[in-house]
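All values below were derived from every heavy atom in this structure, side-chain atoms included, with hydrogens, water molecules and symmetry-related copies excluded.
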Amino acid sequence: MTFTNDKAIFLQMADRLCDEILAGTYKDDDRIPSVREYAVMLEVNTNTAVKAYEQLARENIIYNKRGLGYYVTPGAREQILRERREQFLDRTLPELFRQMQLLGLGIESIVGKWQHLNR
């Protein structure tokens with residue numbers, strides 16, 4: 001995984017795990033890789049992976065079965081979708097519209113690009 005400088009690595013790891021839940025890689029009550037496995041997979045320090053898992057547990061995306069590992073909380077996918085949609089509508093879309101206005105792009109250019117990408 002390539003990390004960016006705009007966000008803490010543990011948050012980028014948490015986002016990636018959420019992406020995997022959204023993609024269906026992990027479903028409700030599925031066991032996810034252990035902290036160590038995930039750290040090795042992404043080539044990061046184990047403490048960084050621990051922080052990512054703790055963050056997701058606080059957000060009720062995953063839960064720990066003592067001695068068995070971490071599992072996806074039932075309903076986590078819907079929770080992630082809800083939060084990401086809200087973030088997109090409240091943060092990403094307004095910035096996109098601002099950029100479109102600055103660049104003189106109309107909605108038709110966006111629709112055209114969308115249709116081209118979804119063929």
Side-chain angles (χ1 to χ4, degrees):
M1 178 173 177
T2 304
F3 297 102
T4 62
N5 291 327
D6 64 337
K7 196 180 215 182
I9 290 174
F10 80 94
L11 292 175
Q12 293 177 64
M13 291 178 67
D15 285 346
R16 177 187 165 130
L17 197 49
C18 286
D19 289 348
E20 292 170 344
I21 292 169
L22 287 176
T25 305
Y26 306 111
K27 295 175 179 37
D28 288 356
D29 290 314
D30 277 357
R31 185 181 178 282
I32 61 173
S34 72
V35 169
R36 284 193 179 92
E37 290 168 339
Y38 213 55
V40 168
M41 187 185 324
L42 300 182
E43 300 176 344
V44 299
N45 185 294
T46 304
N47 292 331
T48 305
V50 166
K51 286 174 72 172
Y53 278 46
E54 287 174 347
Q55 176 71 28
L56 291 172
R58 275 192 302 276
E59 294 174 2
N60 206 29
I61 301 295
I62 61 174
Y63 65 95
N64 188 3
K65 285 187 182 178
R66 203 169 196 91
L68 296 175
Y70 283 92
Y71 294 77
V72 177
T73 302
R77 184 177 189 282
E78 291 75 21
Q79 178 183 339
I80 296 165
L81 272 173
R82 210 172 28 255
E83 291 171 3
R84 292 236 179 133
R85 285 175 177 158
E86 185 176 312
Q87 182 180 31
F88 179 81
L89 292 172
D90 292 345
R91 296 184 198 153
T92 306
L93 206 51
E95 176 58 20
L96 174 68
F97 290 154
R98 188 181 78 77
Q99 289 293 324
M100 287 172 61
Q101 187 174 16
L102 288 172
L103 298 172
L105 292 172
I107 194 71
E108 59 282 341
S109 60
I110 302 300
V111 171
K113 189 69 164 177
W114 172 263
Q115 289 172 341
H116 177 75
L117 291 173
N118 288 305
R119 287 185 186 161

Kindly give the heavy-atom pair with the smallest separation between Cys18 and Leu56, and that separation in Å.
-> SG-CD2, 3.7 Å
Should we count CZ of Arg85 as having more than 12 external heavy atoms under 6.0 Å?
-> no
Determine the minimum heavy-atom distance between Glu37 and Ser34, stating which atoms define it.
-> OE1-N, 2.7 Å
Inspect the contact between Arg84 and Asp19 and indicate whether a charged nitrogen and a carboxylate oxygen are less than 4.0 angstrom apart.
-> yes
Would you say Gln99 has more than 12 foreign heavy atoms packed within less than 6.0 Å of its CD?
-> yes
Crowding at CG, Asn5 (>12 non-hydrogen neighbours, <6.0 Å) = no
Does the side chain to side chain contact (heavy atoms under 4.5 Å, CB included) test come out yes or no for Tyr38 and Ile32, once each step is laid out?
-> CA-CA 9 Å; Tyr38 213 55; Ile32 61 173; over 6 Å; no
Once you round to the nearest 0.5 Å, how far does OG1 of Thr48 lie from CG of Leu42?
-> 10.5 Å
According to a 4.5 Å side-chain heavy-atom criterion applied to Ile, Leu, Val, Met, Phe, Trp and Tyr, with indirect links allowed, do Val40 and Phe3 form part of one hydrophobic cluster?
-> no
For the student: nearest non-hydrogen atoms of Leu68 and Arg31, plus distance = O-NE, 3.2 Å
With Asp30, which residues qualify under salt bridge (charged side-chain N to carboxylate O under 4.0 Å, His left out), at least two apart?
-> none
Flag yes if Phe88 and Phe97 sit in one hydrophobic cluster, no otherwise; membership is Ile, Leu, Val, Met, Phe, Trp, Tyr, and two members link when side-chain heavy atoms are under 4.5 Å apart.
-> yes
State, to 0.1 Å, how close Asn45 and Asn47 come at their nearest heavy-atom pair, and which atoms those are.
-> OD1-N, 2.6 Å
May I ask you to check whether over 12 heavy atoms, not counting those of Glu95, lie within 6.0 Å of atom CD?
-> yes
Atom CZ of Arg36 with >12 non-hydrogen neighbours under 6.0 angstrom | no
Do NZ/NE/NH1/NH2 and the carboxylate oxygens of Glu86 and Arg82 come within less than 4.0 Å?
-> no
Leu117: what forms a side chain to side chain contact (heavy atoms under 4.5 Å, CB included) with it, not counting sequence neighbours?
-> Lys113
Starting at CG of Leu93, measure out to CZ of Arg91 and round the result to the nearest 0.5 Å.
-> 13.5 Å
Determine, using the 4.5 Å side-chain heavy-atom cutoff (strictly less than), whether Phe10 and Ile61 are members of one ILVMFWY cluster.
-> no
Quick one: pull up CG in Asn64 and CD in Glu54 and give me the separation to the nearest 0.5 Å.
-> 10.0 Å
Is Val111 reachable from Leu103 through a run of hydrophobic residues whose side-chain heavy atoms are each under 4.5 Å from the next?
-> yes
Between Tyr63 and Val72, the two heavy atoms sitting closest are CE2-O, 3.4 Å
Nearest atoms (heavy-atom pairs only) where Lys7 meets Gln12 = O-NE2, 2.6 Å
Qualifying side-chain hydrogen bond (donor to acceptor under 3.5 Å, both in side chains) pairs, either residue in residues 70-79, two or more places apart | Gln79-Glu83
Cluster link Ile107 to Leu89, ILVMFWY, side chain under 4.5 Å = yes
